[in-house]
2 protein chains.
Amino acid sequence: MTGKKKMSIDCFHCMSRKQSLMGTLKDEELACMNEHKSSVNYKKGQTLFYEGTRPMGLFCINGGKVKVFKMGSQGKEQIIRLAKPGEFLGYRALLGEEFYAASATVIEDANICFIPKFDFLEILNRNPNFYKNIVQSICHELGVLEDRFSDLAQKSVRERLAANLLMLKESYGMEGDDSTLIDIALSREDLANIVGTATETVIRLLSEFKKDGLILFEGKRIRVLDAKALAKEADFYA
Amino acid sequence: MTGKKKMSIDCFHCMSRKQSLMGTLKDEELACMNEHKSSVNYKKGQTLFYEGTRPMGLFCINGGKVKVFKMGSQGKEQIIRLAKPGEFLGYRALLGEEFYAASATVIEDANICFIPKFDFLEILNRNPNFYKNIVQSICHELGVLEDRFSDLAQKSVRERLAANLLMLKESYGMEGDDSTLIDIALSREDLANIVGTATETVIRLLSEFKKDGLILFEGKRIRVLDAKALAKEADFYA
DNA sequence: TATAAAAACTGATTTTTATCATATTTTAAT
DNA sequence: ATTAAAATATGATAAAAATCAGTTTTTATA
């Protein structure tokens, strides 16, 4: 359980950069970011930051997967969102000048860059377009969360599970040919903490969906066989 | 059901301005806003904007109260937030360059200003501090919604109702002496649509809280008699 | 002010979902 | 390879909350 090790990857050659918000950065800013960033390897289970602590900088996922969650009073996690390569973590707290509202831990071994707060804000100030993109992304996230909030209040567990499987397929479906395989290793418990239900309930519903031919298990991964039927289960276009 | 009427209030003398995000605006920008804004009186039940439509500008509440909600597939509203004088509406969609994710309708007769998109963005561009404040506010809102999302997933209806009553007391408690009276006329149905439950359930729980001496009904309003006990019901500091 | 409509309320019942108990399978560690 | 621990699975039961049905009260309107 050690795992943290410096890497010598630079922002110019970072594969995840292109599909990230940093796509718009000019060479100069990228150089600045590159100069001040540090890159660390994390093992599954390691924590990037804890709810209630002060943000010191921005995390940028280069490889691997991370869950962002709040701990409920009964010790049950509520997963707010998942993050994958190309995504930032911690900018909401930075720009809002608040403590972290949630914790972030690695669910698949990851390589993650860290840009100190000062340097990040500096780059933001120098690049109005980059700033605008970040703001736009936060606004979008707020809209998405409003949707999910509404669903959580109004849909049944079964509907929410179906809806979340479809969302996961969108986010983690593999490129091209294998777009039906959800390429993220979530435990049943994590899935329950996304959907907002008990682990046993997720297990039961998953096996129903499987029995009905909507999904299939492939190791730790789930394959969506019938997205149409799942959408119906999710009460989409109702 | 007519009710829309132009008013000749100006931004300089607007009472709700001081406690709003516009507090930081300079005279020049305020003049710009004043010049381009229009002020309209709305009656209870009238709608400011509809989910799925394109935002044309910013709403600024001068007087009255507004609910922002999404319509679920069973025709049940989920109230995302309430807005009171001094607050803006519609900036998330404007800055995110998206359609409205929710609808907004008046729940207490209101006077609301409207600033066209172009003028609002212009003022934002000219005033980095104002822009920064707005962004900060959006970030804060996202954090608050994450909290509520987590509570919705993990707390019982009883706990959520208690928590929401306390929140409403914070937001709508009157100044000074009468801080225990929640000064907003919410129907039982609206309250249910905030908490995320059935109207009957809210009615039952409210009358329990009343029987136990935690709250009191005063006309259409609720008075919080024992905030400590309510906080315990809400599972705060658990 | 009479009357209709809407909102608030109450009780009975059903449905959904969580919880508890326990078994089986998988994964990790010695 | 063996054993312990964790994750997954299944059944039985209990609890929470929704739904349905009906009544009373309040509010709005002719």
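In what follows, every heavy atom counts, from backbone to side chain, and hydrogens, waters and symmetry copies are set aside.
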If we count only N and O atoms by modelled type, under 3.5 Å, do the side chains of A:Thr199 and A:Arg188 hold a donor and an acceptor together? no
To the nearest 0.5 Å, tell me how far B:Ile80 CD1 sits from B:Lys67 NZ. 12.0 Å
Let me know the distance between CD1 of B:Ile215 and P of C:dA8, rounded to the nearest Å. 13 Å
Between D:dT10, D:dT8, C:dT10, which nucleotide gets closest to the side-chain atoms of A:Ser187? D:dT8
So, using side chain to side chain donor-acceptor pair (under 3.5 Å) as the criterion, who are the partners of A:Glu175 when residues are at least two apart? none
What I want to find out is whether B:Asp109 reaches B:Lys43 closely enough, with some N-O distance under 4.0 Å, to be called a salt bridge. yes
About how many Å separate CZ of A:Arg223 and CG of A:Asp178, when rounded to the nearest 0.5 Å? 4.5 Å
Could you list all the side-chain hydrogen bond (donor to acceptor under 3.5 Å, both in side chains) pairs where at least one residue sits in residues 204-214 of chain A, not counting sequence neighbours? A:Arg158-A:Glu208
Sub-3.5 Å pairs of nitrogen or oxygen atoms, protein against nucleotides 12-19 of chain D:
residue	atom	partner	partner atom	Å
D:dA17	OP1	B:Val157	N	2.7
D:dA18	OP1	B:Thr197	OG1	3.2
D:dA18	OP2	B:Thr197	OG1	2.6
D:dA18	OP2	B:Ala198	N	3.4
D:dA18	OP2	B:Thr201	OG1	2.7
D:dT19	O4	B:Arg204	NH2	3.1

Is B:Arg92 close enough and on-axis enough to B:Phe49, meaning under 6.0 Å and within 45°, for cation-pi? no
With five pairs defining each end axis, the helix from C:dT1-D:dA30 to C:dT30-D:dA1 comes out bent, to 10°, by 50°
Not counting sequence neighbours, which residues clear side chain to side chain donor-acceptor pair (under 3.5 Å) with A:Lys70? List them please. B:Asp147
Please report the interatomic distance OG(A:Ser171) to CD(A:Glu87), rounded to the nearest 0.5 Å. 7.5 Å
Other residues, nucleotides and ligands only: do more than 12 of their heavy atoms fall within 6.0 Å of OH on B:Tyr50? no
Give me, pair by pair, the N or O atoms of the protein and of nucleotides 22-30 of chain D that are less than 3.5 Å apart, along with how far apart they are.
none

Output the rounded distance in Å from CD (A:Glu159) to P (C:dT15). 16 Å
